[in-house]
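Note that this is a predicted model, so its numbers are computed, not measured.
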There are 2 protein chains.
Amino acid sequence: MQKYSKQTRLLLAVDCIIFGFDGDALKILLIKRGFQPEKGNWSLMGGFVQVNESLDQASNRILKQLTGLEGVYLEQLHTFGDTLRDPIERTVSTAYFALIDIHKYETQLSNDYHAEWFHLKRVPKLIFDQQEMVETAKRRIRYKAALHPILFELLPSRFTLPQLQTLYESVFNTTIDKRNFSKRVLATGLLIKLAEKDKAGSKRGAYYYHLNMKNYYAKFQAFMNFIPNPDTLLL
Amino acid sequence: MQKYSKQTRLLLAVDCIIFGFDGDALKILLIKRGFQPEKGNWSLMGGFVQVNESLDQASNRILKQLTGLEGVYLEQLHTFGDTLRDPIERTVSTAYFALIDIHKYETQLSNDYHAEWFHLKRVPKLIFDQQEMVETAKRRIRYKAALHPILFELLPSRFTLPQLQTLYESVFNTTIDKRNFSKRVLATGLLIKLAEKDKAGSKRGAYYYHLNMKNYYAKFQAFMNFIPNPDTLLL
DNA sequence: TCTATTAAGTGTAATAAGTACACTATTAAA
DNA sequence: TTTAATAGTGTACTTATTACACTTAATAGA
């Protein structure tokens, strides 16, 4: 059969909001845009969707291009389709957000893009409507992390309870009583305690844990709500 | 400046999953597709995104075209971008879901499309990947309704507690104790009791309520969780 | 080797939220 | 006036959440 005639075809892009956790705060990875318009300005990593790849394939390609990583947590966020969002030509962009273990990120790859990690509270001015994409992604990661154990994706495979608690406190911008925190986290049955300790953070050392993957997948949908005040839930 | 050269432009469509509640069960509105391919088969209402309209505008246009309704609850669901989802030509489609008061829906408008309401458990075979779109929308409406008071969008502005309870029971496919239900719903402060009763459903009649809009907007983000078993949460 | 320092680890009581459960009230129709 | 059908309401129990402080382990430095 023929193609659909009389319809306008548009450019379709994907943009990736890449989150990492440095042990202290949530960060996102930005690049210096390499072509016009807005060449040299801070931007999300993105690219045009090719004719022979799906959106998921395009976002995975772009994530790998920047970080060298494959098989990481990557979820479609929202599609931004305002007519004037790109001043050059009508371009619709599907934003994805990724959660990566910041230590697996390969610096040498992204040197080509002059990539840098930015603290979420110190994100520079971004091109087009990417500021809005980042805000949407921040709301989404909080929302989802309040209900599902996605934040483990930001940690190495072995982590300590204090590390995990710092991560939750950082994402929800709050403090949590450590007795209540460990009680609830351990009650999920998602964590397995290891014999070894992490001695980096303290003299005494904190026990390493890793995920019980079976329970992790089984309980992914029903986790817990850590947010002290549900009014902070947005979107 | 020039356009982006060397990039392939694609067709972009929107498809609408339109939910209604007939007092007994959740339903979705489908049309008989009017053009090839798949002409005459059951389909979601959709259309191509025009060059001078945003995605939100396109979905509102398509919703109005079928139902005559404007200003109703319409939310972007997901963008479906598999390369072969449309056999004629690569088309990426952004799905939206709408929640409408089924009684406001104008039948005469949609007669052109031979539209019909289908019970969610009796949805016919749909074209392309629209079955997946509907499944995604079903999961999303449950997920969101468990946390936010969106189901009021499916009811007329005046409704009774038994009607509201039937709606929740229908969406979550469960039964709820009516004492506990009314306790929780009324505790939200979202409902205002009216003097008048609905005599249609019973001899005694049930009091009408309507939304306290101020509290509705204020508490939209923090509502309640009606789902008896959170394991049923999907997405 | 003794002491000081630092973060890790642990339990209980009080409060709040959620769940289970059954009878009375109202009204229309027979 | 009796019957039938749905609306409306309260309490006891269980579970979940919150608030809160001391001890332990291990290293570093005296």
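For A:Lys199 and D:dT27, the shortest distance from a side-chain N or O to OP1 or OP2 is below 4.0 Å. The phosphate of D:dT17 (OP1 or OP2) has a side-chain N or O of A:Arg184 nearer than 4.0 angstrom.
Rounded to whole Å, atom P of D:dA7 lies 12 Å from atom OH of B:Tyr209. Here D:dG10 presents its P atom at 12 Å from CZ of B:Arg179, a figure rounded to the nearest Å. Computed from coordinates, the A:Phe159 CZ to C:dA8 P distance equals 15 Å when rounded to whole Å. Residue A:Gln163 contributes atom CD, which lies 11 Å from atom P of C:dG9 at whole-angstrom precision. Atom OH in B:Tyr207 sits roughly 14 Å away from atom P in C:dA25 (whole-Å rounding). Atom CD in A:Gln165 sits about 14 Å away from atom P in C:dA7, given to the nearest Å. If you measure from atom CZ of B:Phe181 to atom P of C:dA20, you get 16 Å, rounded to the nearest angstrom.
With DNA chain C read from its 5' end, the first of the two nearest nucleotides for B:Ser202 and B:Lys178 is the one closest to B:Lys178. When each of A:Ala206 and B:Asp177 is assigned the nucleotide of DNA chain C bearing its nearest heavy atom, the one mapping closer to the 5' terminus is A:Ala206. For A:Lys197 and B:Leu161, each mapped to the nucleotide of DNA chain D holding its nearest heavy atom, the one lying further toward the 5' end belongs to B:Leu161.
Between B:Phe21 and B:Thr166, some side-chain heavy-atom pair lies under the 4.5 Å cut-off. By the 4.5 Å heavy-atom criterion applied to side chains, B:Lys183 and B:Asn180 are counted as neighbours.
The side-chain hydrogen bond (donor to acceptor under 3.5 Å, both in side chains) test applied to B:Arg179 returns B:Asp177, not counting sequence neighbours.
Across all non-hydrogen atoms, the minimal contact from A:Ile150 to A:Leu99 is O-CD1, 3.6 Å. Contact record, B:Val92 with B:Gly81: CG2-CA, 4.1 Å, taken as the closest heavy-atom pair.
Judged by the 6.0 Å and 45° rule, A:Lys197 forms a cation-pi pair with A:Tyr207.
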Distances for protein N or O near nucleotides 3-5 of chain D N or O, under 3.5 Å:
{"residue": "D:dA4", "atom": "N3", "partner": "B:Lys203", "partner atom": "NZ", "Å": "3.4"}

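If you check D:dA19, D:dT9, D:dA21 against the side chain of A:Asn180, the one that comes closest is D:dA19.
The base of D:dT17 does not come close enough to the side chain of A:Lys183 for any donor and acceptor atom to sit less than 3.5 Å apart.
For B:Tyr73 and B:His148, the distance between ring centers is not under 6.0 angstrom.
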